[in-house]
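Computed from a predicted structure; not experimentally measured.
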Amino acid sequence: MLSTSMLARTTRLRDDDDSLNTLAYRRIKEKIIALELRPASLIDENQLAQDLQIGLTPIRQALRRLAQDKLVVILPR
């Protein structure tokens, strides 16, 4: 069983991850709406992560969510 402090830390880390995912989602969506990311253009995840100063994992999570919203299309390699 997790101690109370371990459980609080795990919850806090999950909340931080969720907030980074949400931040990445919002910022990428804003770029799409403002046409900073052009329609039908390829998105470089690494460049986007560097531009937004957010790690790759939240960027990828945000792109998956944007794909569900039909704002981006994820192509297999």
Which side-chain N or O atoms in residues 60-72 pair as donor and acceptor under 3.5 Å with protein atoms at least two apart or in another chain?
from, atom 1, to, atom 2, distance (Å)
R60, NE, E45, OE1, 2.9
R60, NH2, E45, OE1, 3.3
D69, OD2, Y25, OH, 2.4

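- Checked by atom type and distance alone, the side chain of S41 pairs as donor or acceptor with a backbone atom of R38 at under 3.5 Å.
- No more than 12 heavy atoms of other residues, nucleotides or ligands sit less than 6.0 Å from atom CG of L42.
- Between the side chains of D51 and Q47, at least one donor N or O sits under 3.5 Å from an acceptor N or O.
- Once rounded to the nearest 0.5 Å, the distance linking CG of L37 with CD1 of I43 reads 5.0 Å.
- In the hydrophobic clustering of this structure, L23 does not group with L56; members are Ile, Leu, Val, Met, Phe, Trp, Tyr whose side-chain heavy atoms approach within less than 4.5 Å, directly or through other members.
- Residue V73 shares its hydrophobic cluster (ILVMFWY side chains chained together at separations under 4.5 Å) with L75.
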Check: residues 27-34 side-chain donor-acceptor pairs under 3.5 Å, at least two apart:
from, atom 1, to, atom 2, distance (Å)
R27, NH1, L52, O, 3.2
K31, NZ, E36, OE1, 3.1

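- Closest approach of P58 to N21, counting heavy atoms only: CA-OD1, 3.1 Å.
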